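Note sheet for the following structure.
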Amino acid sequence: MTGADAPTAAENVGRLDNEERIDRLIDVLEELRTLDPDMPIQYALSFLTLSRHEGLSIRDLAERLGIAQSSASRNVAALSEWHSFRKPGHDLVQAKEDPRERRRKIVTLTDRGRDLLARLDGLMRGEPPRGAMTVTRLAKEASPSARKPAKQES
């Protein structure tokens, strides 16, 4: 199936058993860890919220996440090209001044953010993770049910 006939990631995930859904979630979290092994969950939640509601202001992001506006601003800074004190950020989002209200910042995804979102969506649809072995795949390969029985000699 292609195009409009292809099931969405949500439809695919809804058909899975609990173990498979958890495995896909682990793959998503591990993909986020490739950006930063110590990425706080608030950064991930901020990125995912912005990817679903692109064009939110920092204030709107704070309200959706139930966090202080200053925390939302720090999260956006970390996900932007430059974090605080000229430390490089993740370059997943950009905050631009709203031309109608200069104090307000509108947050959108960068090309790198869109690429990450596409990879995360692929993982949720069941595409294999790229690169190194993930914890999920290592655990599956180590499980007794994944091992083939040894041939018995007669």
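If you're wondering where the values come from, they're calculated on a predicted model, not measured in any experiment. Each residue takes its place number in the sequence, starting with 1.
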Is there a donor-acceptor contact under 3.5 Å from the side chain of Thr110 to the main chain of Leu92? yes
### Query
When hydrophobic residues are tied together by side-chain contacts of less than 4.5 Å, even through go-betweens, does Trp82 share a cluster with Val93?
no
Smallest heavy-atom separation, Ser46 atom then Leu79 atom, equals CB-CD1, 3.9 Å
Q) Within the distance-only criterion (no hydrogens, no angle test), does the side chain of Arg112 pair as donor or acceptor with the backbone N or O of His90 below 3.5 angstrom? A) yes
Distance col, row Asp17:CG vs Ile22:CD1, nearest 0.5 angstrom, shows 10.0 Å
Can a salt bridge be assigned to the pair Arg114 and Glu54 using a cut-off of 4.0 Å between side-chain N and carboxylate O? yes
Are Val28 and Met124 close enough that some pair of their side-chain heavy atoms sits under 4.5 Å apart?
-> yes
State plainly whether one hydrophobic cluster holds both Leu29 and Met39, where clusters connect Ile, Leu, Val, Met, Phe, Trp and Tyr through side-chain heavy atoms under 4.5 angstrom apart.
yes
Report task. Identify whether the distance between the nearest side-chain nitrogen and carboxylate oxygen of Arg125 and Asp121 falls below 4.0 Å. Result -> yes
* **Evaluation steps, salt bridge (Lys or Arg N to Asp or Glu O under 4.0 Å), between Asp115 and Arg119** => CA-CA 6 Å; Asp115 290 344; Arg119 288 195 310 273; 5.6 Å; no
**Request:** Answer yes or no: is there a donor N or O on one side and an acceptor on the other, between the side chain of Gln42 and the main chain of Asn75, under 3.5 Å?
**Result:** no
| message | Applying a strict under-4.5 Å side-chain criterion to I, L, V, M, F, W and Y, I'd like to know whether Leu32 and Leu117 cluster together. | response | yes
When rounded to the nearest 0.5 Å, the distance separating OH of Tyr43 from CG of Leu35 is 12.5 Å
Item to complete: Indicate yes or no: at least one non-hydrogen side-chain atom of Asp98 is less than 4.5 angstrom from one of Ser57.
Response: no
Side chains of Phe47 and Leu116: closer than 4.5 Å at any heavy-atom pair? yes
*asked:* Using a 3.5 Å distance criterion without hydrogens, assess whether the side chain of Ser73 forms a donor-acceptor pair with backbone atoms of Ser70.
replied: no
If we only count heavy atoms from C-beta on, is the Val107 to Leu56 side-chain gap below 4.5 Å?
no
- Task: Begin from the C-alpha positions of Arg104 and Asp60 and carry the test side-chain contact (heavy atoms from CB on, under 4.5 Å) through to its verdict.
- Result: CA-CA 10 Å; Arg104 181 179 148 120; Asp60 294 338; 4.2 Å; yes
Practice problem: Would you kindly confirm whether Leu50 and Ile106 end up in one hydrophobic cluster when ILVMFWY residues are joined by side chain heavy atoms under 4.5 Å apart? | Solution: no
Value for CD (Glu30) from CG (Leu25), rounded to nearest 0.5 Å, stands at 10.5 Å
Is Lys105 close to Glu97 at the side-chain level, that is, under 4.5 Å between some pair of heavy atoms? yes
Looking only at heavy atoms, the pair that brings Ala95 and Val76 closest together is CB-CG1, 4.1 Å
